[in-house]
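Notes follow once the structure below has been shown.
Sequential numbering from 1 along the given sequence is applied to the chain's residues.
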Amino acid sequence: MNENRQTTEKEIITIAKKVFLEKGYMGATMRDIAQEAHINLAMLNYYFGSKDKLFDIIFEETFACMTQDILPLAQMEIPMLEMMNKFVSIYIDGFIANPIIPGFLFSEVHNNPDRLLNKFLSKTDIHQFLTLYQKRFEQEVSRGEIRPLQAMDFMISVISMCAFPFVAKPIIEGVFNCSDKEYMNMMQTRKAVILDTVQRMLIP
């Protein structure tokens with residue numbers, strides 16, 4: 001693939017992310033994406049073939065951004081508190097670097113949950129991560145090292161604390177009258193708040 005084609009595909013994918021985020025998978029059309037990209041529909045089909053293929057590429061990129069540093073954590077021989085501290089830092093830093101991800105996923109949860117669920121169910125590495133995480137969580141509970149919480153309830157709470165501020169970013173910026181830079185600085189300091197909450201939740 002030559003450099004010009006790679007550049008063009010990257011530009012189209014960036015625009016397609018925006019269209020999918022605004023309209024969801026069901027609402028977005030290839031014609032919408034072509035118009036936003038200022039190319040004709042035939043060229044868009046030449047590069048990607050169909051909306052399904054384009055969405056799959058975007059989903060895989062989005063998924064990789066979210067999980068490439070998180071999934072290996074379950075393999076590390078470290079205490080659950082240390083693992084979750086790393087998890088939170090990676091999650092927040094990932095969202096700061098790719099702020100479109102939470103909104104993109106939230107849009108699909110709202111517009112096409114079955115499609116998104118099937119995508120996640122096809123990921124064997126997610127199942128492996130959750131299985132190892134739950135096993136280690138329950139082991140530490142049984143040894144009295146962490147509080148007797150439900151592993152999945154705890155994980156949902158942590159993900160919610162990390163993800164919600166990014167999903168609600170426009171509202172938070174408006175309500176608190178802060179700039180984008182101020183908001184991102186707040187998300188950096190929020191890591192310490194979440195980590196403190198995680199420790200209070202876990203340590204007996």
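Side-chain contact between Lys181 and Asn185 is present, with at least one heavy-atom pair separated by less than 4.5 Å. Residues Gln188 and Met184 have side chains not in contact (no heavy-atom distance under 4.5 Å, counting atoms from C-beta outward). Considering only heavy atoms from C-beta on, Leu130 comes within 4.5 Å of Met152 through its side chain. With contacts defined as side-chain heavy-atom distances shorter than 4.5 Å, the pair Lys18/Glu36 qualifies.
Ring geometry, Phe20 versus Phe55: the interplanar angle exceeds 60°, so the pair is classed perpendicular (tilted spans 30 to 60°).
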Candidate pair Asn85 and Met80, rule side chain to side chain contact (heavy atoms under 4.5 Å, CB included), full reasoning:
CA-CA 8 Å; Asn85 285 348; Met80 183 57 59; over 6 Å; no
Show the numbers, then the answer: is there a side chain to side chain contact (heavy atoms under 4.5 Å, CB included) between Thr67 and Phe129?
CA-CA 10 Å; Thr67 60; Phe129 171 84; over 6 Å; no
Between Glu61 and Lys17, is a side chain to side chain contact (heavy atoms under 4.5 Å, CB included) present by the stated rule, with each step listed?
CA-CA 10 Å; Glu61 286 190 0; Lys17 282 183 182 179; 3.7 Å; yes
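In this structure, Gln150 places its CD atom where only 12 or fewer heavy-atom neighbours from other residues, nucleotides or ligands lie under 6.0 Å away. For Asp196, the CG atom counts as densely surrounded, since its 6.0 Å shell holds more than 12 non-hydrogen atoms of other residues, nucleotides or ligands. Remark: Lys86 NZ is loosely packed, at most 12 non-hydrogen atoms of other residues, nucleotides or ligands lying under 6.0 Å away.
Nearest heavy-atom pair, Ile172 versus Cys178, reported as atom, atom and distance to 0.1 Å: O-SG, 4.3 Å. Of all non-hydrogen atoms in Ala16 and Leu54, the two that sit nearest each other are CB-CD2, 3.7 Å. In plain terms, the two heavy atoms of Met187 and Pro165 that are nearest each other are SD-CB, 3.7 Å. Nearest heavy-atom pair across Ile70 and Phe87 is CG2-CE1, 3.5 Å. Closest approach of Lys51 and Thr29 over heavy atoms only: CD-CA, 4.4 Å. Leu81 and Leu202 make their closest contact through CA-CD1, 3.9 Å (heavy atoms, listed as atom of the first residue, atom of the second, distance).
In the hydrophobic clustering of this structure, Met76 does not group with Leu132; members are Ile, Leu, Val, Met, Phe, Trp, Tyr whose side-chain heavy atoms approach within less than 4.5 Å, directly or through other members. Connection of Tyr91 to Ile156 is not established within any shared hydrophobic cluster, with ILVMFWY side chains joined at heavy-atom distances below 4.5 Å, either directly or through further cluster members. Note: the hydrophobic cluster containing Met161 does not contain Val193 (ILVMFWY, side chain heavy atoms under 4.5 Å, direct or indirect links).
The salt bridge (Lys or Arg N to Asp or Glu O under 4.0 Å) pairs that include a residue from residues 139-160 are Arg143-Glu145, where partners are two or more places apart or lie in different chains. Evaluation of the ring pair (Phe, Tyr, Trp, His ring centres under 6.0 Å) test over residues 163-203, restricted to residues two or more places apart or in two chains, returns Phe95-Phe166.
Here the CD1-CD1 distance, from Ile33 to Ile12, works out to 9.5 Å after rounding to the nearest 0.5 Å. Taking CG of Leu73 as the reference point, atom OH of Tyr133 lies at 12.0 Å (rounded to 0.5 Å). Going from atom NZ of Lys135 over to atom OG1 of Thr131 covers 10.0 Å, rounded to the nearest 0.5 Å. Separation of atoms OG1 (Thr7) and NZ (Lys10) is listed at 6.5 Å; rounding is to 0.5 Å. A distance of 4.5 Å separates CE of Met84 from CZ of Phe154, quoted to the nearest 0.5 Å. Rounding to the nearest 0.5 angstrom, the gap separating the OG atom in Ser160 from the CE atom in Met155 is 11.0 Å.
Residues satisfying the salt bridge (charged side-chain N to carboxylate O under 4.0 Å, His left out) test with Glu60, not counting sequence neighbours, are Lys123. Taking the side chain to side chain contact (heavy atoms under 4.5 Å, CB included) definition, one finds that Leu117 meets it with Leu121, sequence neighbours left out. Listed by chain and residue number, Ile92, Val158, Cys162, Ile194, Leu195, Val198 satisfy the side chain to side chain contact (heavy atoms under 4.5 Å, CB included) test with Val88 (two or more places apart in sequence, or in another chain). The salt bridge (charged side-chain N to carboxylate O under 4.0 Å, His left out) test applied to Asp69 returns no partner, not counting sequence neighbours.
Judged purely by atom type and a 3.5 angstrom limit, Gln128 has no side-chain atom pairing as donor or acceptor with the backbone of Asp125. A donor-acceptor pair is defined here as one N or O able to donate and one able to accept, closer than 3.5 Å; no such pair exists between the side chain of Asp32 and the backbone of Ala28. Judged by distance alone, with hydrogens and angles left aside, the side-chain atoms of Tyr46 form no donor-acceptor pair with the main-chain N or O of Leu41 at under 3.5 Å.
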